[in-house]
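A short write-up of the structure that comes next.
What's counted below: heavy atoms across the whole structure, side chains too, no hydrogens, waters or symmetry copies. Numbering of ligands and ligand atoms starts at 1, following listing order.
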Amino acid sequence: MKHPISVAIDGPSGAGKSTVAKALAAQFQLIYVDTGAIYRTVGLAAQRAGVGSKDAPAVIALLPGLSIDIAYDESGTQRMLLCGEDVSDAIRTPKSSIYASDVSAIPEVRAYLMDMQRSMAARHSVVMDGRDIGTVVLPDADVKVFLTASAEERARRRWLELKKRGTETPYDEVLRDIEYRDRQDSTRAAAPLRAAEDAVCIDSSDLSFSEAVEAVARLVREKLGE
Ligand code: DC
């Protein structure tokens, strides 16, 4: 087995990618890279600068002045730093989700973040989740998974998660946001969300958390020859 190894998990928002990826990281000693958080950080920078998320020239003009870093705290949790400030919580609001989806459709933003993602995978064994990991960022990933679930089930999970964090949002609003992002992430011209030809598709709608983790862990074990 070559080293470092890479596991790519793509899929729409709320399919359970991050929960599955975190469990895999712990099980196989991989570094979990949440690439959505990186796009969210660019979105937050645009939001804070008062730039419209669809104003591509203005968003592109911000890029050279941004300093975005990925850090890991003592428990191994990924933190996002924007110009040295830890913005890991600030990037999780419903507004920043829409901002992230909008700025991620800009090809220059994607190109700007490519090196950061590839260099993580070149230096470490990673499980990386996103929308274009198996298709564009790591086309040679050792294991590729496309994890999905129905929009209603994904909205229900996201609604519960927001509620747990103390953000009461009507279910219909959460579903609308998910459908907006699905449409936008899969129809954009630059690296749209789609399963790589060699990805294994897993629908988590009717799977428990541990069943979804086990389905992906099995693929990793097969690859590692364990
Ligand atoms: O996974 P997430 O919901 O945190 O991602 C936020 C947005 O970032 C998502 O709507 C699309 C974009 N994204 C992307 O275009 N490519 C990735 N590899 C990861 C996220």
ask   = Are the side chain of S6 and the backbone N or O of V126 linked by a donor-acceptor pair below 3.5 Å?
value = no

query = Strictly by modelled atom types, are S96 and T93 linked by a side-chain donor-acceptor pair under 3.5 Å?
reply = yes

key: Those residues that, when tested against T77, pass side-chain hydrogen bond (donor to acceptor under 3.5 Å, both in side chains) (two or more places apart)   = S75

query = Does a side chain donor of either R194 or S186 reach within less than 3.5 Å of an acceptor in the other side chain?
reply = no

When you check ligand 1 against the protein, what N or O pairs turn up below 3.5 Å? List the atom names and distances, or just say none.
unit_1, atom_1, unit_2, atom_2, d
ligand 1, 1 (O), R131, NH1, 3.0
ligand 1, 1 (O), R131, NH2, 3.4
ligand 1, 3 (O), R40, NH2, 3.2
ligand 1, 3 (O), R131, NH2, 3.2
ligand 1, 3 (O), R181, NH1, 2.9
ligand 1, 4 (O), R40, NE, 2.6
ligand 1, 4 (O), R40, NH2, 3.3
ligand 1, 10 (O), R181, NH1, 3.1
ligand 1, 10 (O), D185, OD2, 2.9
ligand 1, 15 (O), S104, OG, 3.3
ligand 1, 15 (O), R110, NH1, 2.8
ligand 1, 15 (O), R110, NH2, 3.4
ligand 1, 15 (O), R188, NH1, 2.8
ligand 1, 15 (O), R188, NH2, 3.0
ligand 1, 16 (N), R110, NH2, 3.0
ligand 1, 18 (N), T35, OG1, 3.0
ligand 1, 18 (N), R131, N, 3.1
ligand 1, 18 (N), D132, OD1, 2.9

inquiry  = Less than 3.5 Å apart, any donor N or O on the side chain of R157 or S204 sitting next to an acceptor on the other?
reply    = yes

ask   = Any luck finding a side-chain donor-acceptor pair between R110 and Y39 under 3.5 Å?
value = yes

